[in-house]
Amino acid sequence: MSLSLKELSKKEELFVSGHRLCAGCGAGTAIRQIMLATEDPVVIVNATGCLSVSTASYPYTSWKVSWVHSAFENAAATISGIEAAYKSLQRQGKIKEKIKFIVLAGDGGTYDIGLQALSGALERGHSFLYICYNNEAYMNTGIQRSGATPLGAATTTTPAGKLSFGKSDFRKDLTGIIAAHNIPYVAQTTPAHWRDLMTKVKKALALEGPTFINVLAPCQRGWRNEMAISLKLAKLAADSCYWPLYEVENGEWRLNYKPRTKIPVTEWLKPQGRFKHLFTEPKNQEVLERLQASTDLEWERLLKRCVPNNSAEPLTAVEKVS
């Protein structure tokens, strides 16, 4: 199906209203786009987290597809078993239809406690798409820091105060770690860049073997931002090059978006209350400088890895978020 708004408006919604996700939740917007990008019948495995508890509280559900709940740490193992059973039934001639498999998990269940199961599933070569809706902390259990939490962010386990400036470590480069598994397709994107996100989902689902997409999904509760600007924050993350949009297809790195003007990372940080202390305490200026230096270094490294891509131009007005 064409990724035109006119055509998408006619497509059946597979992730429907009535869920209990917070207003301004970036994950909810991302999941709606992901489900609109699917074509074949799909089976969803949803790790414990904001998404599972908010969209499938018995006897209610927002899912119009086959949906399986798993624990935080074993979503990749669960999808491996389901996919293996499907292939066995195919070989026996008991299933003829084409079915795709998708994991949806937060950064806590992906960057940290689910990484071992994910790495094993990727190595074994199971055919599924793993999507991390990355809100950069364990939001569902109380906004504790995760491996995805940025340097300097205040969380309930890395509080900012007289003795601390927030999280003392840089985030983990999970997308790079997954790319090192040499799987067919790996990508980064945001729900603010809906066409980029949906194109990547369609591309990943069309491939055989394991694929992975890391989606930055703003959480107004944990990021302490105004509800109405969540998607704007996602766009600022890309425009500051804190969260570059790129893909790795069969080992070839490709940049999907290069902002006309690379904005300072502080423009992404300022609207978020979790970074407020970095601007109100002069002693924390060094943390801001470290964040900018790290962002610049990672951006330059990415540019060197990516093949020339004439399509990596600033997005059109259709993609803009007001």
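The shown structure was predicted, so the numbers you read here are calculated from the model rather than taken from an experiment.
When all heavy atoms of Leu8 and Met198 are compared, the closest pair comes out as CD2-CE, 3.6 Å. Between Ser240 and Val265 the shortest heavy-atom distance is CB-CA, 3.9 Å. Residue Gly176 comes nearest to Tyr246 through the heavy atom pair N-OH, 4.3 Å, listed as atom of the first residue, atom of the second, then distance. Counting all heavy atoms, side chain and backbone alike, Gly152 lies closest to Val287 at CA-CG1, 4.1 Å. Looking at every heavy atom in both residues, Met139 comes nearest to Cys219 through CG-SG, 3.7 Å. When all heavy atoms of Met35 and Ile44 are compared, the pair lying nearest together is SD-CD1, 4.0 Å.
Residue Arg124 qualifies as enclosed at atom CZ: its count of foreign heavy atoms under 6.0 Å is above 12. The local environment of CD in Gln116 is sparse, with at most 12 non-hydrogen atoms from other residues, nucleotides or ligands closer than 6.0 Å. Summarising the local packing, NZ of Lys276 is surrounded by 12 or fewer heavy atoms from other residues, nucleotides or ligands at distances under 6.0 Å. In the displayed structure, Glu226 atom CD is contacted under 6.0 Å by at most 12 heavy atoms of other residues, nucleotides or ligands. For Glu208, the CD atom is loosely surrounded, since the number of other residues' heavy atoms within 6.0 Å does not exceed 12.
Side chain to side chain, Glu123 and Ser119 fail the donor-acceptor criterion of an N or O pair below 3.5 Å. Side-chain polar atoms of Asn256 and Lys200 form a donor-acceptor pair below 3.5 angstrom. Side chain to side chain, Asn46 and Ser52 fail the donor-acceptor criterion of an N or O pair below 3.5 Å.
Remark: Ala30 engages Pro191, Leu197, Val215 in a side chain to side chain contact (heavy atoms under 4.5 Å, CB included) (not counting sequence neighbours). Applying the ring pair (Phe, Tyr, Trp, His ring centres under 6.0 Å) criterion to Tyr138, with sequence neighbours excluded, gives no partner residue.
Applying the side-chain hydrogen bond (donor to acceptor under 3.5 Å, both in side chains) test between Tyr130 and each of Thr110, Thr211, Asn214 identifies Thr110 as the sole match. For the side chain to side chain contact (heavy atoms under 4.5 Å, CB included) with Leu245, the lone residue among Leu216, Leu255, Thr190 that qualifies is Thr190.
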What pairs of donor and acceptor atoms, side-chain ones from residues 13-20 against any protein atom, are under 3.5 angstrom apart with sequence neighbours left out?
from	atom 1	to	atom 2	distance (Å)
Glu13	OE1	Arg32	NE	3.3
Glu13	OE2	Arg32	NE	3.0
Glu13	OE2	Arg32	NH2	2.6
His19	ND1	Leu21	N	3.3

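Taking SG from Cys241 and OH from Tyr257, the interatomic distance works out to 8.5 Å, rounded to the nearest 0.5 Å. Rounding to the nearest 0.5 Å gives a distance of 14.5 Å between CZ of Arg254 and CZ of Arg305. With rounding to the nearest 0.5 Å, the separation of OG in Ser66 from CD1 in Ile102 is 11.5 Å. In this structure, the separation between NZ on Lys202 and CG on Leu3 is 5.5 Å, given to the nearest 0.5 Å. Here the straight-line distance linking atom CD of Gln188 with atom CD of Glu247 works out to 11.5 Å at 0.5 Å rounding. Here CZ of Arg290 is found 11.0 Å from CG of Asn284. Values are rounded to the nearest 0.5 Å.
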Pair Ile178, Leu174 - check side chain to side chain contact (heavy atoms under 4.5 Å, CB included), show working. CA-CA 6 Å; Ile178 300 301; Leu174 181 68; 4.1 Å; yes
Carefully, step by step, assess Ser168 and Thr158 under the rule side chain to side chain contact (heavy atoms under 4.5 Å, CB included). CA-CA 8 Å; Ser168 58; Thr158 58; over 6 Å; no
Could you go through the side chain to side chain contact (heavy atoms under 4.5 Å, CB included) check for Trp299 and Lys262 one step at a time? CA-CA 10 Å; Trp299 175 246; Lys262 180 174 177 285; 3.8 Å; yes
Just do the side chain to side chain contact (heavy atoms under 4.5 Å, CB included) check on Lys172 and Asp112 with the steps written out, would you? CA-CA 10 Å; Lys172 187 185 298 180; Asp112 301 334; 3.5 Å; yes
Using salt bridge (Lys or Arg N to Asp or Glu O under 4.0 Å), reason through Glu83 and Lys87 one step at a time and then give a plain yes or no. CA-CA 6 Å; Glu83 184 261 2; Lys87 286 189 172 178; 2.9 Å; yes
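Put simply, the side chain of Ser230 never gets that close to the backbone of Pro218: no donor and acceptor are under 3.5 Å apart. At distances below 3.5 Å, not a single donor-acceptor pair connects side-chain atoms of Thr78 with backbone N or O atoms of Ser70. The backbone N or O of Ala76 sits less than 3.5 Å from a side-chain atom of Ser80, completing a donor-acceptor pair.
No cation-pi contact links Arg171 to Tyr111, judged by a cut-off of 6.0 Å to the six-membered ring centre and 45° from its axis.
Ion pair Lys11/Glu39 flagged as a salt bridge, since at least one NZ, NE, NH1 or NH2 atom sits closer than 4.0 Å to an Asp/Glu carboxylate oxygen. Between Glu286 and Lys283 there is no salt bridge, since no side-chain N of the basic residue sits under 4.0 Å from a carboxylate O of the acidic one.
Classification of the Trp268-Tyr242 ring pair by plane angle, with boundaries at 30° and 60°, yields parallel.
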